[in-house]
Amino acid sequence: MDAAKEFARLSGALFVDGGIRPSTATARKAVIDPATGLKLGEIADCTPAEVEEVVARANAAQRTWWAESALHRSEVLHEVARAMRRLKPQLAELLTRETGKPYKESADEVDWSVTATDYYAELGRHSHGQVLGPAVAGQMHYTLKEPMGVVVVILPSNFPLLLFVWEAAAALAAGNAVIVKPSEYASLTTLKFMEAFADLPRGLVQCVTGGGEVGRQLVEHSDTHMVGFTGSVPTGQAIARACAETFKPHLIEASGNDPFIVMPSAPLQIAARAVTFAAFMNCGQVCTSAERIYVHTDIYDQFARLVVAETAKLRIGNGLDKVDVGPMGNAQERDRFERLLAHAVEQGASVAFGGERPEGFSAGFFHEPTVLVDVTPEMDVLHGEVYGPLAPLCRVSSFDEAIELANASPFGLGATVYTTDLVETHRAAREIQSGMVWINAPILDNDAGPFGGRKMSGTGRQLGTEGLDTFRHTKLVMVDPAADPQDFWWFPYSDDEAWNKR
Ligand code: NAD
């Protein structure tokens, strides 16, 4: 594949009715390679008429899709997974060029998209409801699972393929149509990804590009029936408010500010590698990045030295080369991160490693992975999402204090604890207020287990059986095959059951 030609072909396009075609929009946004600062292409701000067309086509395709057997939907979704696997080298290269993440992380993202699609291909035909013990003898009481209709998926740029599949594969398996509005910073790769869905009926999966206004039109459209959103808190709130107007069901996966606790019983060398990975994977632009690292005072100094040593080993550079850490996604994000870091230093934190733009990079949006020590609980850096390459280490005097600080946050996405103490393990699992708790296994996902947050990190769940139900209605059906009179509660009421029996 010639990436330049591929980006040119996808530039200014939308994916509608089973094919790529140029948008009629005149408004365009340049797509910049975060590693070089060079223009890769551009995306269209799709027009209201284009939004109308994809919504109409999605509704028509959804009716056909839901009329098929569950086995048929399963077989087609397995074909989609196979197509993703075939496209892996091309998708991974484009993803690295467009978002900056190391090629290995892009390739992993395609692999994880495949397993999630295969998982939902099977889960979608497993059960469409349950038979209940009847409340009345002779009757049949059961539930039916039905699709929402047309699901709008609105995405950020950090895992554009995986986060799409976590919602789209579940939504499709549940019988829905899907319209995706990708991030402005990952739209061209998402358009390429649409090729993997070619075996689906035309119009069942479509992609419109553009900014928040295009997303807003899709969310507010009277013929879209559910919204799956992943992104920042303010946008999540705007979407939840818009959905409240018509009680449109919505899934909100918003920001995180995850704690990472290290206790003296932990294998410190491994915990140091773990925190380095959890803080700097995808240049720290992961919703579940380790962002508040609470280290027991007995091991704090030793642990800080180990984290610095691990961080010093990381190779920074263009994600297509032999590197561990690429650039940040765009210039504004790097500027925001640098302001946040400078403020932490003003408040008294010390830079133990990094802290600068790396030498030797005149272009691109690189920043050194940075380790902060002397971080104290009240500092602002521990109270908002960092979303950049930072590992702030805060000293705690006990496990109780670590748990208390972990919970003293408006966010509740994930949490990691390094310990080999059984009591601490089970206390952490029970007491931390978050959607996921990882003990000695940071930021791992499992297609079969639910993912999602509490508090300001969002509502609802993706993945697992919960993640299928997110995209389905549950309908209760009650049948009396004999059509008997239901005299145990119908009119006329018996005089014996009146309060005044006189
Ligand atoms: P963002 O909120 O700025 O944008 C997300 C998407 O929303 C984009 O596609 C954008 O165009 C769209 N959008 C903006 N305004 C809209 C509106 N009014 N109506 C509809 N759509 C609108 O987020 P971002 O900066 O792209 O992403 C980073 C954030 O995503 C971080 O906070 C990160 O933690 C979060 N995130 C969360 C998870 C999770 O699973 N909880 C996963 C990945 C990223």
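Note that ligands are numbered from 1 as they come in the structure, with each ligand's atoms numbered from 1 the same way. Keep in mind that what you see is a predicted model, and the values were worked out from it rather than measured.
- Taking any N or O of Ser255, backbone or side chain, at least one lies under 3.5 Å from an N or O belonging to ligand 1.
- Counted within 6.0 Å of CZ on Arg427, heavy atoms from surrounding residues, nucleotides or ligands total more than 12; the atom is thus considered enclosed.
- Among all non-hydrogen protein atoms, the one lying nearest atom 22 (C) of ligand 1 is Thr235 CG2, 3.5 Å.
- Residues Lys101 and Glu98 are not paired through a salt bridge, judged by the lack of any N-O separation under 4.0 Å between the basic side chain and the carboxylate.
- Close contacts between ligand 1 and Asn158 involve ligand atoms 43 (C), 44 (C) [criterion: under 4.0 Å to a heavy atom].
- Contacts with ligand 1 closer than 4.0 Å are made by backbone heavy atoms (N, CA, C, O) of Pro182 only, the side chain lying farther away.
- Remark: of the listed residues Tyr418, Tyr294, Phe303, Tyr418 is the sole one forming a ring pair (Phe, Tyr, Trp, His ring centres under 6.0 Å) with Phe260.
- Residue Leu155 places at least one N or O, backbone or side chain, under 3.5 Å from an N or O of ligand 1.
- Each of the atoms 42 (C), 43 (C) of ligand 1 lies under 4.0 Å from some heavy atom of Leu163.
- The nearest protein atom to atom 18 (N) of ligand 1, hydrogens excluded, is given as Gly212 O, 4.1 Å; this is a heavy-atom distance.
- Counting heavy atoms closer than 4.0 Å to ligand 1, residue Glu184 contributes side-chain atoms (C-beta onward) but none from N, CA, C or O.
- The ligand atoms of ligand 1 that sit less than 4.0 angstrom from a heavy atom of Ala254 are 37 (C), 38 (C), 39 (C), 41 (N).
- Looking at Tyr185 against ligand 1, nothing comes within 4.0 Å, counting heavy atoms.
- Taking every non-hydrogen atom of Ile154 and a distance limit under 4.0 Å, the qualifying atoms of ligand 1 come out as 6 (C), 7 (O), 9 (O), 12 (C), 20 (C), 21 (N).
- The closest approach between a heavy atom of Phe159 and any atom of ligand 1 is not below 4.0 Å.
- Set against the non-hydrogen atoms of Ile239, the atoms of ligand 1 under 4.0 Å away are 19 (N), 20 (C), 21 (N).
- The pair Arg461-Glu466 fails the salt-bridge criterion, with no side-chain N (NZ, NE, NH1 or NH2) lying under 4.0 Å from an Asp/Glu carboxylate O.
- Polar contact check, Tyr387 against ligand 1: no nitrogen or oxygen pair lies under 3.5 Å apart.
- In this structure, the protein non-hydrogen atom closest to atom 35 (C) of ligand 1 is Gly231 O, 3.3 Å.
- Closest to atom 23 (O) of ligand 1, if we only count protein heavy atoms, is Ser232 N, 3.3 Å.
- The environment of Gln347 atom CD is dense: over 12 non-hydrogen atoms of other residues, nucleotides or ligands sit within 6.0 angstrom.
- Annotation for ligand 1: atoms under 4.0 Å from non-hydrogen atoms of Lys181 are 8 (C), 9 (O), 10 (C), 11 (O).
- The two residues Thr276 and Glu310 make their nearest non-hydrogen contact at OG1-CB, 3.4 Å.
- Counting heavy-atom neighbours within 6.0 Å of Phe361 CZ, excluding the residue itself, gives a total above 12.
- The closest protein non-hydrogen atom to atom 19 (N) of ligand 1 is Arg216 N, 3.5 Å.
- Within the 6.0 Å centre-distance limit, the rings of Phe337 and His367 are counted as a close aromatic pair.
- Using a 4.0 Å cut-off between heavy atoms, Glu385 contacts ligand 1 through its side chain alone, with no backbone atom that close.
- When atom types are taken as modelled, the side chain of Asn318 and the backbone of Asp321 share no donor-acceptor pair closer than 3.5 angstrom.
- The shortest contact between atom 27 (O) of ligand 1 and any protein heavy atom is with Pro156 CB, 3.2 Å.
- Distance remark: protein heavy atom present below 4.0 angstrom from atom 7 (O) of ligand 1.
- Asn257 and His383 form no side-chain donor-acceptor contact under 3.5 Å, judged by distance and modelled atom types alone.
- For the side chain to side chain contact (heavy atoms under 4.5 Å, CB included) test with Phe193, the passing option among Val165, Leu87, Leu188, Val205 is Val165; the others fail.
- Atom 39 (C) of ligand 1 has Cys287 SG, 3.4 Å as its closest protein atom, hydrogens excluded (heavy atom only).
- Listed by number with element, the atoms of ligand 1 under 4.0 angstrom from any heavy atom of Ser183 are 9 (O).
- The pair Asp17-Arg57 counts as a salt bridge, with a side-chain nitrogen and a carboxylate oxygen less than 4.0 angstrom apart.
- Of the residues Trp438, Trp112, Trp166, the one that meets the ring pair (Phe, Tyr, Trp, His ring centres under 6.0 Å) test with Phe451 is Trp166.
- Close contacts between ligand 1 and Phe451 involve ligand atoms 40 (O) [criterion: under 4.0 Å to a heavy atom].
- For Phe15 and Phe197, the ring centers are positioned 6.0 Å apart or more.
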